[in-house]
Amino acid sequence: VAVQTLAWLTVMKNRVRELRTERGWTQADLAKRLDVSRNSVIAIENGKYDPSLPLAFLIADAFGMKIEQIFQRD
Amino acid sequence: MSLLRLPSWAYTLIAALPALAFVLVPKIEDDILRAVAGGATMVWLVAFATYAWIRLDEPSREAHKFAWFWGGAPALAVMQLIAIAAVATPIVGEPVAAFIASQSKNGATPESGFFVGVFAAAVVQVLGYGLVWTCWWLSKRSRG
């Protein structure tokens, strides 16, 4: 089976919670910066929702980092 | 907060209010006036529902899409199976006809069967959607 067909099975991990707490932001603060709901921030932090590239770029911009510094393959 | 940047649910509420009023207030007797009011209500509903969707964030949109696909569509399929079984076998057909008769003052006629069937299918579809939508969000809140 081609690797590409298994892309949806790839488990991603992220450092969103770690980076947010480092900055002293609440989940609501980050949600406001990203213009998303707090539930969405919770889902992303828990690794239960992988954001699309546009949202991942917004998250990276919010932290002033590159996407690959925040999101990695598990 | 700008009126253009309210939460998505606020626009959903704004979209639904005239539709609720149209259903709940006494019926407008004049046919033309009723048609104009109904058309305006639909335009309002579609416009604000569209803007509510635009304002919705990405995971929330995903939740809706997932819930319609895995909740709404299977629920509708179940209703289709019930409809087929009701036509094919009296075991299912008799209770369905009794239900239709209980919901219509004209009894179980083809017309009442159609309207009760459409309404029941919509209700079951929304129930299936709501169940999966709730499960989707609950699953995203758990760690690990």
Side-chain angles (χ1 to χ4, degrees), chain A residues 5-74, chain B residues 1-17 19 45-75 77 125-144:
Chain A
T5 61
L6 297 176
W8 66 277
L9 284 174
T10 305
V11 177
M12 302 292 293
K13 61 179 180 180
N14 71 70
R15 299 172 55 213
V16 172
R17 178 177 282 117
E18 172 196 337
L19 296 168
R20 174 179 62 75
T21 51
E22 273 176 15
R23 285 158 178 75
W25 298 344
T26 63
Q27 289 173 329
D29 292 335
L30 181 58
K32 199 172 178 183
R33 285 168 187 268
L34 300 173
D35 197 20
V36 301
S37 68
R38 188 170 154 266
N39 280 334
S40 298
V41 170
I42 293 170
I44 293 166
E45 285 191 351
N46 287 345
K48 294 296 180 77
Y49 180 78
D50 295 331
S52 67
L53 270 177
L55 182 53
F57 272 111
L58 276 180
I59 293 168
D61 289 345
F63 291 124
M65 301 172 79
K66 292 182 176 178
I67 285 180
E68 60 268 30
Q69 291 175 296
I70 303 172
F71 297 93
Q72 293 95 28
R73 273 184 292 194
D74 201 7
Chain B
M1 181 181 279
S2 161
L3 282 177
L4 291 174
R5 298 187 68 78
L6 296 174
S8 177
W9 61 261
Y11 298 108
T12 307
L13 193 64
I14 294 168
L17 282 178
L45 183 70
V46 170
F48 278 96
T50 303
Y51 196 65
W53 180 258
I54 290 168
R55 284 289 300 144
L56 208 55
D57 67 36
E58 181 190 304
S60 305
R61 286 185 189 186
E62 201 56 40
H64 283 305
K65 288 186 272 186
F66 187 91
W68 277 118
F69 190 84
W70 294 107
Q125 195 177 18
V126 169
L127 286 176
Y129 155 82
L131 178 68
V132 174
W133 183 87
T134 304
C135 291
W136 193 91
W137 275 114
L138 288 176
S139 75
K140 303 301 173 193
R141 291 186 72 87
S142 62
R143 287 201 190 191

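Within every chain, numbering begins at 1; the chains are lettered A, B, ... in the order of the sequence lines, protein sequences first and strands thereafter.
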* Residues of residues 27-36 of chain A near chain B, each having a heavy atom less than 4.5 Å away -> D35(A), V36(A)

* Residue W70(B) excluded, over 12 heavy atoms near CH2 under 6.0 Å -> no

* **CA sep, side-chain torsions, deciding dist, call: R141(B), N39(A), side-chain contact (heavy atoms from CB on, under 4.5 Å)** => CA-CA 8 Å; R141(B) 291 186 72 87; N39(A) 280 334; 2.3 Å; yes

* Roughly how far, to the nearest 0.5 Å, is the CH2 atom of W137(B) from the OG atom of S37(A)? -> 4.5 Å

* **Proximal to chain B - members of residues 15-26 of chain A, heavy-atom separation under 4.5 Å** => R17(A)

* Against chain A, label W136(B) side chain, backbone, both or neither, depending on which of its atoms sit under 4.5 Å from a heavy atom there. => side chain

* chain B neighbours within residues 52-68 of chain A, where any heavy atom lies under 4.5 Å away -> S52(A), L55(A)

* Going by residue number, which parts of residues 53-61 of chain B are within reach of chain A, meaning a heavy-atom gap below 4.5 Å? -> R55(B), D57(B), E58(B), P59(B), S60(B)

* To do: Mark yes or no for whether K48(A), through its side chain, and S139(B), through its backbone, hold a donor-acceptor pair below 3.5 Å.
  => yes

